[in-house]
Amino acid sequence: MALRKALASVLGGFREIAATDQIACDAGAMTVTPTGGTQQTVPAAIAARVLGDANGKVRPSRLEIGNMAANLCPNGDMEDVAGGAVIGWGVLAPTTAGSTISATTTTAYAGTTSLLLTKTTADANSSVASVGSRMPVEPQSVYGGSVFAAAIANASASGLNISIFWYDKNDTFSSTTPIFVNLPIPLDWTERPFQVRAPAGVSFARIGIYNTAASTAQSVAVDAVVFRRASGATGIEDAAITPLKLYAPTRGQFFRALENSGAGRVATVTDAVPSDRGDAINIAFNHTTFVTQAGALAQFVKTTLSLTDAQLAAIITAARSVAE
């Protein structure tokens with residue numbers, strides 16, 4: 001209690017927000033109105049972090065984050081990307097040369113990015129397999145979820161396989177439960193819901209997704225993967241909501257990542273900034289605190305360097321991991 005009071009004093013009188021307090025949050029301002037008190041403006045730096053990079057990042061209607069049961073699948077919406085790869089998803093088994101796993105912005109069920117499983121030949125042995133990060137489970141408990149998938153170019157009568165891999169408390173592989181085998185792969189996004197019971201003696205699970213279409217070379221996009229306890233709330237923090245989705249990188253992080261993406265880019269951008277201190281671009285370049293993709297600074301950089309939206313997004317994502 002003493003610490004809470006001290007923090008409230010340091011923050012200019014702010015206190016713990018009660019359920020009856022009124023909170024307003026829009027593009028222009030963020031305020032808190034305590035019950036029986038007067039409206040207070042949230043410090044701009046905090047409001048900017050909350051509002052500036054939240055747009056399009058969390059989609060309760062698509063990933064059902066608002067459901068009482070937490071989504072245990074880390075980065076199930078495939079929006080956290082680094083180096084052309086979807087964070088937390090990777091090769092489950094060796095694949096034939098030319099078959100790849102990558103991030104794509106060509107199509108997405110939700111947001112801007114999906115996981116792409118590319119199979120380059122009609123040989124069934126050239127299947128592409130991807131697996132997600134481990135998820136905590138309780139033995140004998142029932143879990144439900146869903147996977148959205150769509151063919152990028154060629155629809156297929158079969159070829160989508162989904163399995164759950166179980167691991168013990170030491171993260172040692174225990175067994176596999178096949179969920180779907182050789183499902184059709186349509187061009188339109190299609191949901192594949194499932195339910196499964198965790199075996200005895202397991203502590204973790206991973207979702208494995210395969211592209212095994214034997215009749216043709218095939219590229220399959222996967223998105224909006226959900227895995228959660230079927231019985232309701234577990235009290236576990238939603239692993240799909242990560243700091244990478246909630247916070248915009250600082251100006252310093254952004255410029256470091258920009259230079260890392262191509263030597264000399266910062267100098268090119270700096271030379272293009274108007275000298276008029278009252279110019280909007282000059283102000284954005286010199287005074288932006290947190291960089292968002294839709295903001296004036298990021299858009300100026302995009303135009304100056306002729307970057308695509310995907311390239312700019314990759315730089316901003318990389319910037320979040322830069323240590324200052």
Side-chain angles (χ1 to χ4, degrees), residues 25-30 42-59 75 77-87 100-116 118 152 221 223 242-324:
C25 185
D26 57 37
M30 187 173 183
V42 175
I46 298 176
R49 295 184 82 102
V50 175
L51 299 176
D53 200 40
N55 183 36
K57 293 298 185 182
V58 180
R59 297 167 298 283
N75 199 23
D77 60 7
M78 312 300 175
E79 293 298 299
D80 288 345
V81 177
V86 178
I87 295 175
T100 60
I101 299 172
S102 61
T104 180
T105 56
T106 300
T107 182
Y109 174 74
T112 60
T113 309
S114 63
L115 177 68
L116 184 64
T118 302
I152 293 293
D223 204 351
T242 66
L244 292 179
K245 296 187 179 73
L246 296 180
Y247 298 108
T250 65
R251 181 178 182 277
Q253 288 177 308
F254 175 71
F255 280 117
R256 284 277 301 280
L258 180 63
E259 188 66 14
N260 290 340
S261 70
R265 281 184 164 179
V266 171
T268 300
V269 169
T270 302
D271 291 342
V273 176
S275 59
D276 180 5
R277 294 183 180 180
D279 184 89
I281 296 301
N282 186 295
I283 293 173
F285 180 82
N286 288 291
H287 301 288
T288 294
T289 303
F290 300 103
V291 180
T292 62
Q293 183 155 350
L297 177 57
Q299 288 302 305
F300 169 66
V301 169
K302 172 189 169 183
T303 301
T304 302
L305 298 176
S306 299
L307 301 175
T308 64
D309 288 332
Q311 289 173 322
L312 180 60
I315 292 170
I316 291 177
T317 297
R320 294 186 177 100
S321 302
V322 172
E324 289 189 295

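All figures in this text were calculated on a predicted structure; none of them were measured in a lab. All values below come from the heavy atoms of this structure, side chains included, with hydrogens, waters and symmetry mates left out.
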task = Kindly say whether Gln253 contributes a backbone atom to a donor-acceptor pair with the side chain of Thr250 at under 3.5 angstrom?
result = yes

query = How long is the gap from CG on Leu312 to CG on Leu305, to the nearest 0.5 Å?
reply = 9.5 Å

inquiry  = Looking at every non-hydrogen atom in both residues, tell me the closest pair between Thr292 and Ile316 and how far apart they are.
reply    = C-CD1, 4.0 Å

query = Are any of the side-chain heavy atoms of Gln293 and Asp309 separated by less than 4.5 Å?
reply = yes

query = Which atom pair, heavy atoms only, marks the closest approach of Val269 to Thr304?
reply = CA-CG2, 4.3 Å

request  = Take Thr100 and Ser102 through the side chain to side chain donor-acceptor pair (under 3.5 Å) test and state the conclusion after the steps.
outcome  = CA-CA 6 Å; Thr100 60; Ser102 61; 4.7 Å; no

message = For Thr308, give me all partners under side chain to side chain contact (heavy atoms under 4.5 Å, CB included), at least two apart in sequence or on another chain.
response = Ala310, Gln311

Least distance between heavy atoms, Ser114 atom then Val86 atom = O-CG2, 4.2 Å

message = If you compare all heavy atoms of Ala296 against all heavy atoms of Ala284, which two are closest, and at what distance to 0.1 Å?
response = CB-CB, 3.8 Å

task = Check whether any side-chain N or O of Asp279 sits under 3.5 Å from a backbone N or O of Pro274 as a donor-acceptor pair, and report yes or no.
result = no

ask   = Can a cation-pi geometry be assigned to Arg265 and Phe255, taking NZ or CZ under 6.0 Å from the six-membered ring centre and within 45° of the ring axis?
value = no

ask   = Short question: side chain of Asn260, backbone of Arg256 - any donor-acceptor pair under 3.5 Å?
value = yes

task = Return yes if some donor-acceptor pair links the side-chain N/O of Ser261 with the main-chain N/O of Leu258 below 3.5 Å, else return no.
result = yes

key: Full working for side-chain contact (heavy atoms from CB on, under 4.5 Å) between Phe254 and Thr288   = CA-CA 11 Å; Phe254 175 71; Thr288 294; over 6 Å; no

Side-chain donor/acceptor of Asp80 to backbone N/O of Asn75, under 3.5 Å = no

ask   = Which heavy atom of Met78 sits nearest a heavy atom of Asp223, and at what distance?
value = CG-OD1, 3.8 Å

query = What is the minimum heavy-atom distance between Leu297 and Phe285, and which atoms define it?
reply = CD1-CA, 3.9 Å

task = May I ask you to test the Leu307-Ile315 pair for a side-chain heavy-atom distance under 4.5 Å?
result = yes

request  = Kindly indicate, with the supporting measurements, whether the criterion side-chain contact (heavy atoms from CB on, under 4.5 Å) is fulfilled by Glu79 and Thr317.
outcome  = CA-CA 9 Å; Glu79 293 298 299; Thr317 297; over 6 Å; no

